[in-house]
Protein chains: 2
Amino acid sequence: MEEKLKRVTLLDTSNIENLKNMLGKALNDGRTLLIVGACSADYIGRARSELTIGDRILIIKSDRSVLLHRPRSYKPVNWQPSGSIVNISSKEGRLVIKCIRERPRETLIVKFSEIYTAAILNLEDEGVFSLYASEEDMRKAILKNPDIVEEGLKPVSFERPVTSGFIDIEAIDKNGNIVVIEIKRRTADIDTALQLARYVKDLEKIKGVGKVRGIVVAPRATTEFKRLARSLGIEFKPLSPKRCLEILYGTEEKREITLDEFIS
Amino acid sequence: MEEKLKRVTLLDTSNIENLKNMLGKALNDGRTLLIVGACSADYIGRARSELTIGDRILIIKSDRSVLLHRPRSYKPVNWQPSGSIVNISSKEGRLVIKCIRERPRETLIVKFSEIYTAAILNLEDEGVFSLYASEEDMRKAILKNPDIVEEGLKPVSFERPVTSGFIDIEAIDKNGNIVVIEIKRRTADIDTALQLARYVKDLEKIKGVGKVRGIVVAPRATTEFKRLARSLGIEFKPLSPKRCLEILYGTEEKREITLDEFIS
DNA sequence: GCCTAGGTCCCGTAA
DNA sequence: TTACGGGGCCTAGGC
């Protein structure tokens with residue numbers, strides 16, 4: 001009977017040459033690497049950065065995304081998105097990791113002066129990730145039940161491309177006016193108003209109609225939005241992502257109780 | 001002589017109760033936690049997400065930022081920014097980590113069904129991080145040498161607040177016209193043009209002047225930007241962040257050679 | 001390849 | 001606190 005591959009293999013960090021070889025081979029085998037140690041880092045590409053020595057966590061994932069994490073803050077201090085070329089070498093007894101990205105050409109070099117822990121991770125993750133209450137969910141909810149925006153509204157199209165972008169939803173109101181709906185899952189701000197104003201203008205040009213209505217649908221709006229919207233003749237309809245979920249999947253009562261129990 | 005604290009302490013993962021206590025104590029002591037194992041995760045807050053079981057890396061930093069990483073992709077699949085409340089408990093022999101954030105109220109719960117490795121990290125990172133070629137660097141370079149934008153330009157102010165935001169640089173051209181400069185370190189797009197148009201309008205209102213010039217300074221611009229800029233009467237001046245660095249810190253030749261050697 | 005737009009964006013800063 | 005804009009933003013999707 002075949003033994004299950006070890007999920008975590010801790011490496012001997014005393015021999016850098018050996019370590020380098022082990023890490024390089026593991027990377028080629030599609031493993032994820034984890035190194036904790038003291039390092040410095042230099043990045044050059046769209047910008048340039050320098051990071052002097054300190055203790056950090058380096059993760060090199062199986063898709064060649066690279067993350068260098070300090071002990072604080074959500075964001076990695078240096079990184080490379082997936083698909084970069086990773087080269088692991090040693091220089092003067094120190095582990096050097098070079099991560100190169102093409103288009104845009106960017107290079108990240110991490111030099112370890114000391115390694116506390118190095119591990120090869122053989123992670124199996126076929127888990128399903130589901131995200132609800134995105135802008136797309138809001139769009140679906142409005143298409144399913146347009147009355148939540150305005151009574152008598154009839155959607156005509158969605159994601160319609162116009163000169164300056166994409167119209168979330170195009171509709172006809174009960175009086176026969178053309179309506180452009182812009183959806184935001186977060187607070188509507190100045191940019192939202194300007195974006196919608198563009199679409200309205202584009203559609204007026206295409207349709208050759210005097211007036212196209214513009215409605216922003218969002219949970220809330222900033223004061224500046226409201227001011228600008230008024231001067232641009234844009235309307236605002238408050239609608240929360242949560243409410244949209246209820247419309248899409250029915251009342252959320254049952255699920256919430258379950259989650260409350262789960263949390264408690 | 002006092003012995004140096006261990007940087008990495010690997011924990012016994014066989015006893016969940018004990019593990020829970022160790023991790024909780026370490027977190028209170030300002031340590032960073034690292035857990036590799038099979039888990040599921042549920043998030044509820046601005047949106048909602050579910051993640052079914054799989055192997056992942058969980059990092060809880062000393063500032064209480066939380067990162068759950070799958071073996072692929074740059075971004076964590078679930079997370080919590082710094083300052084969240086972290087609670088480590090056990091339920092039915094499984095490690096459960098609950099991360100709550102106030103404002104906005106958000107909850108992330110990670111349940112481990114198996115733990116491959118758990119470690120307490122005592123990381124010391126006083127390293128200095130320097131980032132060059134930001135938009136701010138471009139502004140400094142233009143203020144230092146306005147001729148790179150246009151010969152004879154005289155800056156008057158920077159980050160001047162107007163109704164709809166902040167003007168990067170306000171200047172007077174050689175013919176006495178007022179000029180508003182909007183700087184982008186990346187490709188100028190439609191939003192850039194609209195943003196500058198707003199500032200130009202604001203300043204025209206404030207000054208009571210017929211015409212204020214608007215110039216976008218960026219490494220490049222999209223086709224749509226150019227079209228829109230033309231119709232809005234906005235000008236474009238190509239300027240790269242790299243060139244700005246040269247102006248600020250002298251020619252970069254020496255540094256580049258050094259870096260090339262460093263890379264090779 | 002370019003370009004637009006979303007994101008649980010995060011984060012800093014100023015009113 | 002709210003609001004605005006930057007970011008090495010990253011990433012997906014259309015053309």
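Sequence lines set the chain letters: A, B, ... in the order given, protein chains first and strands last, and positions in each chain run from 1. Just so you know, these numbers come straight off a predicted model, no measurement behind them.
At a threshold of 4.5 Å between non-hydrogen side-chain atoms, the residues C39(A) and K111(A) do not count as touching. Annotation: side chain of R70(B) is not in contact with side chain of I57(B) (no heavy-atom distance under 4.5 Å). When side chains are defined from C-beta on, I59(B) does not count as touching L121(B), because their heavy atoms never get closer than 4.5 Å.
When heavy atoms are screened at a 4.0 angstrom cut-off, R220(B) is found touching the sugar-phosphate backbone but no base atom. Using a 4.0 Å heavy-atom criterion, one finds that G165(A) contacts the sugar-phosphate atoms exclusively. Counting non-hydrogen atoms under 4.0 angstrom, Y199(B) reaches the backbone sugars and phosphates but no base. Among the protein residues, E106(B) comes within range of the nucleic acid bases, having at least one heavy atom under 4.0 Å from a base atom. Among the protein residues, I190(B) comes within range of the sugar-phosphate backbone only, with heavy atoms under 4.0 Å from sugar or phosphate atoms but none that close to a base. As judged by a 4.0 angstrom heavy-atom cut-off over every strand, R139(B) is placed among residues making no nucleic acid contact. If you check every strand for non-hydrogen atoms under 4.0 Å, E159(B) touches nothing. If you check every strand for non-hydrogen atoms under 4.0 Å, R105(A) touches nothing. Using a 4.0 Å heavy-atom distance criterion, T223(B) is classed as a sugar-phosphate-only contact.
Nearest-nucleotide assignment on DNA chain D puts the 5′-proximal partner with R103(B), out of L108(A) and R103(B). Each of E224(B) and F129(A) lies near DNA chain C, and the nucleotide nearest E224(B) is the one positioned closer to the 5' end.
For the atom pair L196(A) CG and E235(A) CD, the distance stands at 9.5 Å (nearest 0.5 Å).
In this structure, a donor-acceptor pair under 3.5 Å is present between the side chains of E170(A) and S157(A). Between the side chains of Y199(A) and E182(A), not a single donor N or O lies within less than 3.5 Å of an accepting N or O.
No donor-acceptor pair closer than 3.5 Å links the side chain of R213(A) to the backbone N or O of I181(A). Distance alone, capped at 3.5 Å, places no donor-acceptor pair between the S40(A) side chain and the L51(A) backbone. Between the K61(B) side chain and the V66(B) main chain, no donor and acceptor come within less than 3.5 Å of each other.
Across the protein-nucleic acid pair, I167(A) atom CD1 and dA5(C) atom C1' stand 14 Å apart, rounded to whole Å. One interatomic measurement links the two molecules: CG of L245(A) to C1' of dT8(C), which rounds to 13 Å at whole-angstrom precision. Straight-line distance from the CZ atom of F166(A) to the P atom of dG6(C): 11 Å, rounded to whole Å. In this structure, D189(A) places its CG atom 14 Å from P of dA5(C), rounding to the nearest Å.
Within residues 60-88 of chain A, the residues that have a heavy atom under 4.0 Å from DNA chain D are, in order of number, N78(A), W79(A), Q80(A), P81(A).
Across every non-hydrogen atom of L248(A) and K140(A), the tightest pair is CD2-CB, 3.8 Å.
First and last contacting nucleotides of DNA chain D toward chain B (any atom under 4.0 angstrom from a heavy atom, 5' to 3' order): dT1(D) to dT11(D).
For dC9(C), the OP1/OP2 oxygens have a side-chain nitrogen or oxygen of R186(A) closer than 4.0 Å. A close approach under 4.0 Å does not occur between any side-chain nitrogen or oxygen of Y43(B) and OP1 or OP2 of dG7(C). Residue R101(B) places at least one side-chain N or O closer than 4.0 Å to OP1 or OP2 of dC10(C).
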